[in-house]
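Working notes, beginning with the structure itself.
Residue numbers start from 1 in every chain, and the chains themselves are labelled A, B, ... in the order their sequence lines are given, proteins ahead of strands.
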Amino acid sequence: MTASSRARLARHPALGLALTGLLLAALSHPVVATQIAASLGEPTRRSLDVWRLFALTSRHVILAGTGFALVAVLGIGLGILVTRRAAASWRPLVDALAAGAQAVPPVVVVALALPVLGFGGPPTLLALVAYGIMPVLRGTVGGIEGVAADIREAGTAIGLTRSQVLTRIELPLAAPAIVETLRTALVLAVATAAVGALAGAATLGTPIVAGLQNQNLAPMLQGAAATAALAFLSDAALLAIAGLWRATRR
Amino acid sequence: MMPEILVAARPRGRACLAAMVGFGAFAIALFALPLLSVAENRLALGRPVFGAEVLGGNGALVLAAVLTGLIFLILELRRWAPFLAVAAFAFALLLFADALGQGAARSLGGLAPAARASLGGGAWLTLGLLGFALGLAIQRTRAMGVGLAVGIGLILAIGMLGHAGRFKALSLTVEYGARRDTLDTAILDHLVLSGAAVALALVVAILLSLWRRGQGFVAILVAGIQVVPAVALLGALVGVTAGLLRAAPTLREFGLSALGAVPAVVAIAAYRLLPLWRGLALALHAADPVTLEAAQALGFTRRQTLVGVRLPLGAPILVGALRVAAVQSLGLATLGALVGAGGLGRIVFDGMAQFAPDLILLGAIPVVALSLGAEMGLSRLESAARQRWHA
């Protein structure tokens, strides 16, 4: 590794995010969290052991990951569809729906879906998709529309078909904008999975909600630190993957 | 060659197809899905009741009104055709609401007083489709203020029907009647909670943007807070406040407590810092250098430049940032109930705990209405600011 590439790595934005995430993950360790709770004057009570924490984390990751995958596929796909010329008349409608969907916060979606879908994962997944899809759609549309018309025309002029214009010109140029909105969606997915604890989904939100109800500080801090750690680490991972992908294409 | 009016009157094939699909969706929602669910009490599982039984003759009338609206929507015959479509859909909506209330009363006849009739999937789908069609028709009129007028008119009409007791058999109304005072306080609490949070976030965002040297650090800080999930931030804040109160019990005398409005307001405000801080920065740099030089040449002081040039030019961006902050705060305030801050979230969480769908709705409908109201009102203000200063 040369000196300049090492310097570039040290300045990479993903590094700071990853370090914050690791620090928060350390805070969620039972020993550390109990110490903090004790220093805040809390009498020592049972904290979550490492295995329980791992189990909750993996459930959280599966739920948020599934939701994020759905959001990414549907959001980017719909974004591509509405920017096609044939769909131009649907744009105002999609924009209105986007604004409307943002007005229904995830907690409310979870609550409303509860009587229909029952307790646990499904209402959380619905909230995840309903709330996350619109930012991704908007970001994709913004990215594709930001491609200058003359570049697109140049593509047509050298004989590219419509789908080639999409895959070789529009999507690569829109990629930075799409990655930005995927970051937002990923952070939202991690946060919404935590809210799902209210509907009985076993995630890292569960110890927070239970801790708030029983006034038990240590598991509450553990859950909070672990959820935040997961958000920071996944954000860093997405940034790093996007950076690597860009580097290989260059 | 065909006369022009005939060419214009012939609807395009795709529009025809869309209208037929729409009509089919309405027919399915009205007659194939349960409109009501009648149960022995508010927690029991209900028996589905379908459109033919609930609506009676009114069902055909609603469907006829919908068909009229759809036809006017696809016929681009005259400029007033979309207005007739708006009228038809609005009529269908009111007729459907009234028929639902009456149908609920009929299906509860002869049952015990504890029996409940709550809205089923078909009713929600029909209401959603009608709202969608109405929005589409309003958009087609391309006239200013139609949406606002129709909205106010519908709210007044529904309010009058409700006042006349036409909906009193619906479970939602029963739930509302039982908790009218709680709901009023909750709405007020909710508004205070999110208003206080936006105000706090605005003050902190202004202070942060005044700290010129530390903008890089501020950027990392506010973006970092955004990554922390809301539930986690609430939990951490409650923990820290509890510790703070133990270390310095005198703080209690100032009304600070670990559970309650304070951690909720702080958490919501912390989340809204990013859009407000970014909006402030963008708004202050909205004026282009030429304009600023002109102001300087005219002998404006820095304060005069700020008040007379930078703020008016940045106003739309600032209002836009405020809109985002306000809408999201209203949503986040729902979570405040988790730490005992009250608000509409309490009703929602009560409903979840009791597994009572109508109670959840009673809390959720005002949350959505408030968010949508804030979104519409402030985006109107945003475009007004844009027209006023950027014409």
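Counting all heavy atoms, side chain and backbone alike, A/Val110 lies closest to B/Met352 at CG1-CE, 4.1 Å. Looking at every heavy atom in both residues, B/Pro229 comes nearest to A/Val190 through CG-CG1, 4.3 Å. Among all heavy-atom pairs drawn from B/Ala236 and A/Ala224, the shortest one is N-CB, 4.2 Å.
Each of A/Thr203, A/Val107, A/Val195 was scored for a side-chain contact (heavy atoms from CB on, under 4.5 Å) with B/Val231, with one residue passing: A/Val195.
With a 4.5 Å cut-off on side-chain heavy atoms, B/Ser371 and A/Val104 do not count as touching. Side chains of B/Thr334 and A/Val108 form a contact here, defined as non-hydrogen atoms less than 4.5 Å apart. You'll find the side chain of B/Leu335 reaches within 4.5 Å of the side chain of A/Leu198, heavy atoms only.
Of the two parts of A/Leu112, the backbone and the side chain both hold a non-hydrogen atom closer than 4.5 Å to a non-hydrogen atom of chain B.
Enclosure of atom CZ in B/Arg323 by more than 12 non-hydrogen atoms of other residues, nucleotides or ligands within 6.0 angstrom is indicated.
Contact count versus chain B (heavy atoms, under 4.5 Å) is highest, among A/Ala228, A/Gly223, A/Ala111, A/Ala194, for A/Ala111. Chain A forms the most heavy-atom pairs under 4.5 Å with one residue out of B/Leu338, B/Val348, B/Leu332, and that residue is B/Leu338. With chain A as partner, the option from B/Leu234, B/Leu370, B/Val368 having the largest number of non-hydrogen pairs under 4.5 angstrom is B/Val368. When A/Val187, A/Leu230, A/Leu221 are compared by the number of non-hydrogen pairs under 4.5 Å with chain B, A/Val187 comes out ahead.
Taking OG1 of A/Thr227 as the reference point, atom CG of B/Leu233 lies at 11.0 Å (rounded to 0.5 Å).
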